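We name chains A, B, ... by the order of the sequence lines, and we start the count at 1 in each one. Computed from a prediction, not measured in an experiment: that's the story for all the values here.
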Protein chains: 2
Amino acid sequence: MADVISPEVRPARKADAAPDPAQRPAFDVIELFFFAYRDFVRDADEALAKYGFGRAHHRVLHFVDRNPGLRVTELLDILKITKQSLGRVLRELVDEGFIVQKEGEADRRQRLLHVTERGDRLARELARLQTRRVSRALATAGAQEAEAVRRFLFEIIDPEERAKVAALTGARPPKARE
Amino acid sequence: MADVISPEVRPARKADAAPDPAQRPAFDVIELFFFAYRDFVRDADEALAKYGFGRAHHRVLHFVDRNPGLRVTELLDILKITKQSLGRVLRELVDEGFIVQKEGEADRRQRLLHVTERGDRLARELARLQTRRVSRALATAGAQEAEAVRRFLFEIIDPEERAKVAALTGARPPKARE
DNA sequence: GAGATTACGTCAGCCATGTTGACTTATTTC
DNA sequence: GAAATAAGTCAACATGGCTGACGTAATCTC
């Protein structure tokens, strides 16, 4: 391999110091976010592997556990994936007895999603693992700092999505903090 | 489909209120983290699509841009993926002229990674998009609150990884805050 | 009551990005 | 000179996204 060394080289590094601090790239937060998320999902991934499940199953199980009677359409809107993608993982969760679908009483087209006892156990075990990590990370934070973390995460979310997320998580509604 | 309604139903919801608040599941933070990350990567994903690139390319480009002369082994350790996975993505970035590899001077086995002018431009454009989102989210936060966010993200990371991340991001070193 | 719409499911095929395992080449280290 | 290291590559496979096209049952609307 003779052409490994290319004549085209990287220009000298630009100084990180831009005039306006708001315009200086937030490299630190960007990278921390990447590393934090990478490790955040790891606990659950390992636990899920025992069941032959993946991250996609976790998400479905989690939101169904937290929102019993959830409609399929609502779940699609939460996860922002297609019906076909959801279909696969949902079928597996139903087949393995973690989720059941109950016909809607008012609207019999609906297949309202509920976890089984088994599904509830797994969902809570996964939540426990992630809670342990979150609790440790917030252990040294005061109430105000913990609230600052929640607010930061909330405001990273697309503005049009916030009302929905607030309703789901119990976070304060958007714009309600002035 | 006659067996939609299963006899197995979900048990009555357990109250969220556990005795010890540290043991109560941190559903809010868990869910906010999921939604925040989902939207955080979206800006860049859209920009990358124009080049036929994906998230994997972004990660490589980002860390090479930030760490000129990075060794392949180091990059693998940062991304926590296999050599084969990286290989594909890296080859594409090299082929399209975003990254060049330079033989190490001290150790000629090394293929030190550098971005090209073009790679630098794209990396910075992507960083700009994510910085915009981060800046908005931190706009109402004070210095102490912004620091609380960084600390939270840092402490979500696996303890054994923190020293490395601190070195990369310039975050304060682990345990250095007492 | 007929027709449009909605809720849900499914078949088929494709793509991006991860994995394991085996092996090669060049170079450095001991 | 042998062993270890840095990097690359081939092949095969899994997961979880996607699009497009359809089907069925139920509800809504006029």
Side-chain angles (χ1 to χ4, degrees), chain A residues 1-5 34 37-38 41-42 44-46 48-49 51-61 64 69-95 99-113, chain B residues 1-5 34 37-38 41-42 44-46 48-61 64 69-96 99-113:
Chain A
M1 221 170 279
D3 57 297
V4 161
I5 304 182
F34 163 71
Y37 196 76
R38 181 195 68 180
V41 293
R42 197 136 65 187
D45 279 357
E46 286 166 17
L48 286 156
Y51 298 84
F53 290 152
R55 223 170 271 188
H57 302 85
H58 183 193
R59 289 173 189 149
V60 170
L61 188 62
V64 173
L70 193 65
R71 293 190 301 119
V72 170
T73 312
E74 290 170 331
L75 184 52
L76 289 174
D77 187 47
I78 288 172
L79 301 176
K80 298 268 187 275
I81 60 174
T82 58
K83 193 171 40 165
Q84 295 89 328
S85 297
L86 174 60
R88 257 186 317 226
V89 297
L90 189 52
R91 189 183 327 117
E92 291 168 355
L93 286 165
V94 170
D95 287 352
I99 285 183
V100 290
Q101 296 171 283
K102 304 208 285 178
E103 193 171 86
E105 295 202 354
D107 184 339
R108 290 167 45 226
R109 290 171 305 181
Q110 299 174 345
R111 300 289 175 265
L112 306 181
L113 303 171
Chain B
M1 220 171 280
D3 58 296
V4 162
I5 304 181
F34 163 71
Y37 196 77
R38 182 195 68 181
V41 293
R42 196 135 68 186
D45 280 356
E46 286 167 17
L48 287 157
K50 292 178 209 147
Y51 298 84
F53 289 152
R55 224 169 272 187
H57 302 85
H58 183 193
R59 289 174 190 149
V60 171
L61 188 61
V64 173
L70 194 65
R71 293 190 301 117
V72 170
T73 311
E74 290 170 331
L75 185 52
L76 289 173
D77 187 46
I78 289 172
L79 300 176
K80 298 267 187 276
I81 60 176
T82 58
K83 193 170 42 163
Q84 295 89 327
S85 296
L86 174 60
R88 250 185 325 225
V89 170
L90 189 52
R91 189 184 327 120
E92 290 168 354
L93 286 165
V94 170
D95 287 351
E96 313 261 342
I99 286 183
V100 290
Q101 295 171 283
K102 305 208 285 179
E103 195 171 81
E105 295 200 356
D107 185 339
R108 290 167 46 227
R109 289 172 303 183
Q110 298 173 345
R111 299 291 176 265
L112 306 182
L113 304 171

| query | Toward the 5' end of DNA chain D, which comes first, A:Ser85 or B:Leu70, by nearest nucleotide? | reply | B:Leu70

| request: Starting from the first five and the last five pairs of the helix from C:dG1-D:dC30 to C:dC30-D:dG1, work out the angle between the resulting helix axes, to 10 degrees. | output: 30°

| message | Whether the side chain of A:Arg71 engages the backbone of A:Gly104 through a donor-acceptor N/O pair (distance < 3.5 Å, no angle test) should be reported. | response | no

| Rounded to whole angstroms, how far apart are NZ on B:Lys83 and C1' on C:dG18? | 16 Å

| task | Using only heavy-atom distances, decide whether a donor-acceptor pair under 3.5 angstrom links the side-chain of A:Gln84 to the base of D:dG16. | result | no

| request: Select one nucleotide: of D:dT19, D:dG8, C:dG9, the one nearest the side-chain heavy atoms of A:Thr82. | output: D:dT19

| field | Nearest to side-chain heavy atoms of A:Thr73, which nucleotide of D:dT19, C:dT17, C:dA7 | value | C:dA7

| task | For B:Gly87, report the nucleic acid contact type (base, sugar-phosphate, nothing); a contact means any heavy atom under 4.0 Å. | result | nothing

| field | Closest listed nucleotide, where the reference is the side chain of A:Asp107 and the choices are C:dT17, D:dA26, D:dT19 | value | D:dA26

| task | Please report, rounded to the nearest Å, how far the C1' atom of D:dT19 is from the CG atom of A:Leu76. | result | 15 Å

| query | A:Ala106 near the nucleic acid: base, sugar-phosphate alone, or nothing, with a heavy-atom cut-off under 4.0 Å? | reply | sugar-phosphate

| request: Would you tell me if any nitrogen or oxygen in the side chain of A:Arg59 comes within less than 4.0 Å of OP1 or OP2 on D:dG17? | output: yes

| side chain to side chain contact (heavy atoms under 4.5 Å, CB included) partners for A:Gln84, two or more places apart | A:Thr82

| Do B:Arg109 and C:dT28 have a side chain to base donor-acceptor pair shorter than 3.5 Å? | no

| said: So A:Leu93 and A:Tyr51, do their side chains get closer than 4.5 Å, heavy atoms only? | reply: no

| remark: Per atom distances to the B:Arg88 side chain, the nearest of C:dG18, D:dT9, D:dA6 is C:dG18

| message | Please pick, from D:dG17, C:dG9, C:dG18, the nucleotide with the shortest atom-to-atom distance to any side-chain atom of A:Arg111. | response | C:dG9

| field | B:Arg42: partners by salt bridge (Lys or Arg N to Asp or Glu O under 4.0 Å), with sequence neighbours left out | value | A:Asp158, B:Asp39

| field | Any B:His57 side-chain N or O less than 4.0 Å from OP1/OP2 of C:dA16 | value | no

| Integer-rounded Å distance: D:dA7 P and B:Gln101 CD | 9 Å

